[in-house]
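This report concerns only the one structure given below.
The analysis underlying the following values was restricted to heavy atoms, covering all of them including side chains, and did not include hydrogens, waters or symmetry mates. First listed ligand is number 1; within each ligand, the first listed atom is number 1.
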Amino acid sequence: MCGIVGYIGEADVKEILLKGLEKLEYRGYDSAGIAVLNDEGVVVFKEKGRIADLRDVVDEEVDAKLGIGHTRWATHGVPNQLNAHPHQSTTQRFTLVHNGVIENYHLMKKAYLSNVEMASDTDTEVIVQLIEKFSQDGLSTIDALRKTLHLIHGSYALALLDKEDPNTIYVAKNKSPLLVGLGEGFNVVASDAMAMLQVTEQYVELHDQEIVIVHKDSVEIQKLDGSIVERPAYKAELDMSDIEKGTYPHYMLKEMDEQPAVIRKIIQAYQNEQDELTIDANILDALHHADRLYIIAAGTSYHAGLIGKQYFEKIAGIPVEVHISSEFGYNMPLLSAKPLFLFITQSGETADSRQVLVKIKEQGYPTITMTNVPGSTLSREADHTLLLHAGPEIAVASTKAYVAQVAVLMVTASAYAQAQGKTLDFDVVKELGIAANAVQTIVDSKEEMEEIATEFLATTRNAFFIGRNVDFYVSLEGALKLKEISYIQAEGFAGGELKHGTIALIEDGTPIFALATQQAVSLNIRGNVKEVVARGANPCIIAMEGLEEEGDRFVLPKVHELFSPLVAVVPLQLISYYAALHRECDVDKPRNLAKSVTVE
Ligand code: F6R
């Protein structure tokens, strides 16, 4: 999704901005641009496509020490050069980059800008034209910005240049993430610390409805009413090597390979000195006082939430509802008397989940965020945080974060059960260790996964994934992985449900991936496979050791049944990866998708 960078200092700004934008590429975008300001004025370069395309149009000769940059993921107006950011006001005095969505931009246009000819179809241009209008009415730049922010409704992270003031970047934020980074003799702006880690590790977080005046040697945070805010900087705990691909051809492959290490890291992170798994006592307390847990999430994180429901209900005895965040906020179910909310979000920035968090906080209910990004918006705003410890996930398709979510859900449910005095019939640390080893065996079987991808998915238009019990939830995740990176239409189904309609789609050779990891429903899923095979389907059965039968395509190393989602998802991730490679798809940056979905 959209990204912002900005720099003011002594170095050549073009390269810093372009490198910063490259670090944000993983978030997904369709056009990019930079604007630099020197004594002669502002120069804007923007282009549809990749940062490499932008580099081709940037004039090396332009020398400037101050500038802003943007990667755009289209919301208002098609992805083209005209709609790419930065946008300028009619006189070109003001230049702006913006993340987010301005909900009342039509109204603003009608009320204040009826005689202004717009150069783009974007809501962003309305912001910069409003600033110019109010400045022409006699307001200073900061007051024109402030007045504009009072009028617009919606989400924004923005950085503004004023041609008349070559010593300042104006910054503002509401709902969309934005940070200011501090350096010696320079300062930076970034929607994600990763973008500017090349120049500084020190960041100041911004809160909603704050404005920042950034000079090269000072940073002043103000509230919208002009009052000054003091906030200390923090060190971004990110290792550059974590965010480099190394020798891997794709981040997705690297991240799948990291999964055994992620499981082991989670064991370490949640183990106390007696080697027992524990979680924050405040979270245990919150769970203890709740009569129902509401898990709120989107996409892959929602699929992890479905597994979490099994864990909390079966291990901890807490009733759970799992909801898609974009639905929950606008169609809230009747809540129990003492609800507790658990937001699962890899990025901690997903706007759909955040809108629920905001509403739930207004109602005064307790909240937990499970996230991979300490200091992310949902982490800061919830009462408690459970960290995933997966390390930065750069590929758009989530793999190691999903495995981390399932593992941390298991840790949380079992730590709570044990804190309540329940004796578990399995040793969580031991079973997680076995699962980590099993995942290692699978990621070491890449050739076999590639063969399966070739055999089943080389030419197909569609594919189905089926499973029962937790295998059903893993099937949903397997189908999502395949469709998002290979563009093969794929659907996950409960094994028994296919015959209630969807079986009509089965043709000669339609690939069916069936998971068989659960003893209690092992015969049932095999019955479901027979139903589709009788109609011509080409089955790829992935069974747990001990439940395998002749003809199964892959046997998963044995793990405890409750831990099977950690393991069963891995072949599906790898098969999707190879299917996408064969189709020459951009595995790490699939079309139309964004890593961190910061608009509703
Ligand atoms: C799919 C994927 C998405 C995300 C979803 C929620 O591979 O990554 O479905 O899971 O956009 O994102 P987070 O977890 O950051 O809230």
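Remark: ligand 1 atoms within the under-4.0 Å shell around heavy atoms of V396 are 7 (O), 8 (O). Within ligand 1, counting atoms from 1 as listed, the ones closer than 4.0 Å to a heavy atom of A397 are 7 (O). Against a heavy-atom cut-off of under 4.0 Å, S398 is close to the following atoms of ligand 1: 7 (O), 8 (O). Here is the list of ligand 1 atoms found below 4.0 Å of a heavy atom in K481: 1 (C), 7 (O).
In plain terms, the two heavy atoms of R583 and T460 that are nearest each other are NH2-O, 2.8 Å.
Between F493 and F464, the ring planes are tilted. Angles from 30° to 60° get that label. Classification of the H582-Y578 ring pair by plane angle, with boundaries at 30° and 60°, yields tilted. Under the 30°/60° scheme for interplanar angles, the aromatic rings of Y294 and H323 are found to lie parallel.
Distances from atom 13 (P) of ligand 1 to the heavy atoms of D352, T300, T350 show the closest one on T350.
For atom 7 (O) of ligand 1, the nearest non-hydrogen atom of the protein is E484 OE2, 2.7 Å. For atom 15 (O) of ligand 1, the closest non-hydrogen atom on the protein side is S347 OG, 2.6 Å. For atom 14 (O) of ligand 1, the nearest non-hydrogen atom of the protein is S301 OG, 2.5 Å. Protein heavy atom in closest approach to atom 6 (C) of ligand 1: A298 O, 3.4 Å. For atom 11 (O) of ligand 1, the closest non-hydrogen atom on the protein side is V597 CG2, 4.0 Å.
Here E349 has no heavy atoms under 4.0 Å from ligand 1, in either its backbone or its side chain.
Using a cutoff of 4.0 Å between basic side-chain nitrogens and carboxylate oxygens, E477 and K481 are scored as salt-bridged. At a threshold of 4.0 Å, the pair R50-D586 counts as salt-bridged, since one of the basic side-chain nitrogens sits closer than that to a carboxylate oxygen.
Between atom NZ of residue K446 and atom CE of residue M256 there is a gap of 7.5 Å, rounded to the nearest 0.5 Å.
With a 4.5 Å cut-off on side-chain heavy atoms, D192 and V373 do not count as touching.
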